Amino acid sequence: MRSYHAGGLRSRGRIRNIARAGVEEIVATGCWTSIQPREAAALPNVRHVVTNDKKDYLVPEVLGLPRETFDLEPMDRVPIPGLHRRTRAFIKVQDGCDNRCTFCVTTIARGEGRSRPLADVINDINAALAGDSKEIVLTGVHLGSWGQEMNFHLRDLVKAILRETDVRRLRLSSLEPWDLDADFFSLWMDARLMPHLHLPLQSGSESTLKRMARKTTPDSFRGLVKAARAAIPDIAITTDIIAGFPGETDDEFAETLDFVREMQFSGGHVFSYSPRPGTGAAKMKAQIKPEVRKRRNHILQEAIGESGKSYQEKFIGQTMSVLWESASEYGEYGWRMEGWTGNYLRVSAVAPSPRWNEVDEVTLPDSKSGVFFGTIVRLSE
Ligand code: SF4
């Protein structure tokens with residue numbers, strides 16, 4: 001969604017390269033193709049354009065056969081992650097979105113929201129665990145809407161996973177604030193849920209949020225963050241912000257900056273607004289000059305950087321569990337390990353042997369440029 005321009009450029013470049021390499025029949029598919037099908041069709045040697053909503057039927061469509069000819073496997077299913085021996089398995093439980101945030105191309109690119117059945121999700125998680133993935137991350141384009149069409153809520157899925165699988169670390173990816181209530185955070189009484197929430201704010205100004213068609217306000221966002229912090233001590237809360245949304249006045253930007261400072265996020269991404277073809281915001285008057293977007297982006301990044309640093313400082317001297325995600329030889333010292341705590345602190349330490357995909361206890365003496373250089377005090381068995 002956010003990398004649309006880069007994705008578009010990349011897709012175009014790849015298709016041209018493939019054509020130059022001599023491939024005479026190219027099938028274009030994916031997000032960029034779904035947004036700009038005519039442009040994709042005009043590229044050299046593109047014979048078929050298959051938009052995302054038809055991707056499940058790509059093979060019969062291209063071969064001109066009836067759909068029933070094939071025993072269809074949904075195309076958006078991620079490969080069973082454990083088989084690739086990843087430390088963290090990203091399990092996609094949902095796709096598409098029914099909202100219409102005015103800056104977002106998701107509904108155009110990915111279609112309406114739809115959830116994967118609970119039993120399929122549990123199967124994939126069990127497969128990932130059997131493949132020795134140590135952490136499961138639930139993902140989706142609009143993860144918080146999982147189960148809506150089946151009269152379920154995401155909390156039902158989380159409860160079922162905790163009840164029916166042997167998952168040791170479970171993490172949720174981005175969640176829209178309006179999908180959650182204070183009660184949702186009682187799930188974290190189970191320590192297997194990692195203390196990290198990514199809640200996209202986008203703007204701290206009520207009027208800008210209205211133009212964005214976001215279903216939240218600064219007040220309700222504040223209430224949610226307060227409830228999360230009361231229920232989950234030391235939780236990391238990260239966010240996304242858009243700088244320079246159309247019509248964003250100096251006052252609105254000041255409101256956002258104040259709100260971002262007040263929220264004390266532990267990290268986040270700031271995106272300079274960039275119009276996406278076909279979206280409501282792209283047609284809005286009063287587009288903000290690129291240099292103003294850039295300046296505001298910089299100021300917001302600084303604010304998030306400062307609160308992120310204060311958050312990290314709270315953990316200096318503590319001993320925490322770290323899942324090692326990479327190991328590289330470190331000469332006579334052994335191995336240099338890199339990994340993450342449950343609340344997403346980046347940690348590096350030296351170990352006598354590679355500890356990749358293990359969860360060890362590490363003391364965190366200090367951090368430099370966002371990385372804690374720790375000492376392993378207890379190895380997992
Ligand atoms: S809720 Fe998220 S995915 Fe859906 S339209 Fe808004 S920004 Fe896009």
Side-chain angles (χ1 to χ4, degrees), residues 87-88 134-135 137 168-175 177 180 182 184-201 204 218 221-241 256-270 299-326 336-351 355 358-380:
T87 56
R88 284 193 283 161
K134 291 292 191 313
E135 183 173 304
V137 185
R168 281 171 61 189
R169 290 164 67 106
L170 180 62
R171 194 183 291 279
L172 306 181
S173 63
S174 183
L175 292 166
L180 312 179
F184 185 72
F185 306 121
S186 61
L187 289 168
W188 272 259
M189 282 164 70
D190 189 317
R192 292 177 295 165
L193 257 176
M194 295 295 100
H196 173 217
L197 282 170
H198 185 80
L199 303 174
L201 171 66
F221 192 95
R222 180 187 286 114
L224 196 71
V225 166
K226 200 170 161 207
R229 287 184 170 142
I232 317 161
D234 290 335
I235 186 166
I237 299 181
T238 53
T239 197
D240 294 326
I241 316 269
T256 292
L257 182 59
D258 283 351
F259 193 73
V260 164
R261 286 183 174 139
E262 181 193 332
M263 287 300 102
Q264 289 289 297
F265 293 110
S266 60
H269 302 288
V270 184
I299 295 169
L300 288 165
Q301 280 196 39
E302 271 189 355
I304 292 180
E306 275 167 30
S307 56
K309 203 159 168 263
S310 322
Y311 178 77
Q312 287 175 13
E313 281 166 1
K314 290 202 283 184
F315 300 93
I316 291 177
Q318 291 201 23
T319 299
M320 304 183 80
S321 302
V322 177
L323 170 59
W324 300 119
E325 303 220 340
S326 73
R336 164 67 65 195
M337 309 302 307
E338 303 256 347
W340 300 87
T341 63
N343 60 341
Y344 238 58
L345 301 175
R346 216 171 134 206
V347 180
S348 178
V350 174
R355 303 289 303 157
E358 300 292 349
V359 181
D360 293 328
E361 296 296 303
V362 183
T363 300
L364 312 176
D366 201 352
S367 75
K368 269 190 209 124
S369 312
V371 183
F372 280 91
F373 291 92
T375 307
I376 301 177
V377 291
R378 201 163 41 252
L379 301 179
S380 62

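Note that the structure is a prediction, hence the values are computed from the model and not measured.
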Checklist entry - Does any non-hydrogen side-chain atom of V137 lie less than 4.5 Å from one of E135? => result yes
Next on the checklist: Just verifying a value: how many Å separate R171 CZ and L197 CG, rounded to the nearest 0.5 Å?
Outcome noted: 10.5 Å
Checklist entry - Distance only, no hydrogens: is a donor on one side chain within 3.5 Å (strictly under) of an acceptor on the other, for E361 and S321? => result yes
Checklist outcome for this item: Here the gap from D234 atom CG to Q318 atom CD, rounded to the nearest 0.5 Å, amounts to 6.5 Å
Next on the checklist: Between the side chains of R222 and E262, is the shortest nitrogen-to-carboxylate-oxygen separation below 4.0 Å, so that they form an ion pair?
Outcome noted: yes
Next on the checklist: Determine whether a donor-acceptor pair (N or O, by modelled atom type, separation under 3.5 Å) exists between the side chain of S367 and the backbone of V371.
Outcome noted: no
Checklist entry - Should the ring pair F265 and F221 be called parallel, tilted or perpendicular, given that the plane angle runs from 0 to 90° and is split at 30 and 60? => result perpendicular
Item to check | Taking every non-hydrogen atom, the tightest pair across A303 and V260 | outcome: CB-CG1, 4.2 Å
Checklist entry - Which heavy-atom pair separates L193 from W188 by the least distance, and what is that distance? => result O-CD1, 3.6 Å
Next on the checklist: Test side chain to side chain contact (heavy atoms under 4.5 Å, CB included) on R346 and F372; report intermediate values, then the result.
Outcome noted: CA-CA 6 Å; R346 216 171 134 206; F372 280 91; over 6 Å; no
Checklist entry - Between S173 and H198, do the side chains contain an N or O donor and an N or O acceptor separated by less than 3.5 Å? => result no
Item to check | Check: S380 main-chain N/O paired with D360 side-chain donor or acceptor under 3.5 Å | outcome: yes
Item to check | Side-chain heavy atoms of V347 within contact of E338, under 4.5 Å | outcome: no
Next on the checklist: For a quick test of reading the model, state the closest non-hydrogen atom pair linking G374 to P365 and the distance between them.
Outcome noted: CA-CD, 3.6 Å
Next on the checklist: Between N343 and Y311, does the side-chain hydrogen bond (donor to acceptor under 3.5 Å, both in side chains) criterion hold? Intermediate values first, please.
Outcome noted: CA-CA 10 Å; N343 60 341; Y311 178 77; 2.9 Å; yes
Next on the checklist: Are the side chains of T375 and V362 in contact, using a 4.5 Å heavy-atom criterion?
Outcome noted: no
Item to check | Nearest-0.5 Å distance that lies between atom NE2 in H196 and atom CH2 in W340 | outcome: 9.5 Å
Checklist entry - Do L172 and F184 have side-chain heavy atoms sitting under 4.5 Å apart? => result yes
Item to check | Backbone N/O of G204 and side chain of T256: donor-acceptor pair under 3.5 Å | outcome: yes
Checklist entry - Is the closest side-chain heavy-atom distance between K368 and F373 below 4.5 Å? => result yes
Checklist entry - So, do R88 and E325 sit near enough that their side-chain heavy atoms are less than 4.5 Å apart? => result yes
Checklist entry - Got a second to check how far L201's CG is from T239's OG1, nearest 0.5 Å? => result 4.5 Å
Next on the checklist: Determine whether a donor-acceptor pair (N or O, by modelled atom type, separation under 3.5 Å) exists between the side chain of R355 and the backbone of I376.
Outcome noted: no
Checklist entry - For the side chain of Y344 and the backbone of A236, is there at least one donor-acceptor N/O pair under 3.5 Å apart? => result no
Checklist entry - If you measure from CG on L364 to CD on E313, what distance do you get to the nearest 0.5 Å? => result 13.5 Å
Checklist entry - Should R336 and S348 be marked as a side-chain hydrogen bond (donor to acceptor under 3.5 Å, both in side chains) after you check the CA-CA gap, both sets of side-chain angles, and the distance that decides it? => result CA-CA 7 Å; R336 164 67 65 195; S348 178; 2.9 Å; yes
Checklist entry - Is there a side-chain hydrogen bond (donor to acceptor under 3.5 Å, both in side chains) between T319 and T363 once you walk through the steps? => result CA-CA 4 Å; T319 299; T363 300; 3.0 Å; yes
Item to check | Nearest-0.5 Å distance, NZ of residue K309 to CD1 of residue I304 | outcome: 16.0 Å
Item to check | Expected output: side-chain W324 to main-chain V359 donor-acceptor under 3.5 Å | outcome: no
Checklist entry - Is there a side chain to side chain contact (heavy atoms under 4.5 Å, CB included) between I235 and R229 once you walk through the steps? => result CA-CA 6 Å; I235 186 166; R229 287 184 170 142; 4.0 Å; yes
Checklist entry - So do S174 and P200 actually touch side chain to side chain, heavy atoms under 4.5 Å? => result yes
Next on the checklist: I'd like to check L224 versus L180 (side-chain heavy atoms, cut-off strictly below 4.5 Å). Are they in contact?
Outcome noted: yes
Next on the checklist: Which heavy atom of R169 sits nearest to which heavy atom of M194, and what is that distance?
Outcome noted: CG-CE, 3.6 Å
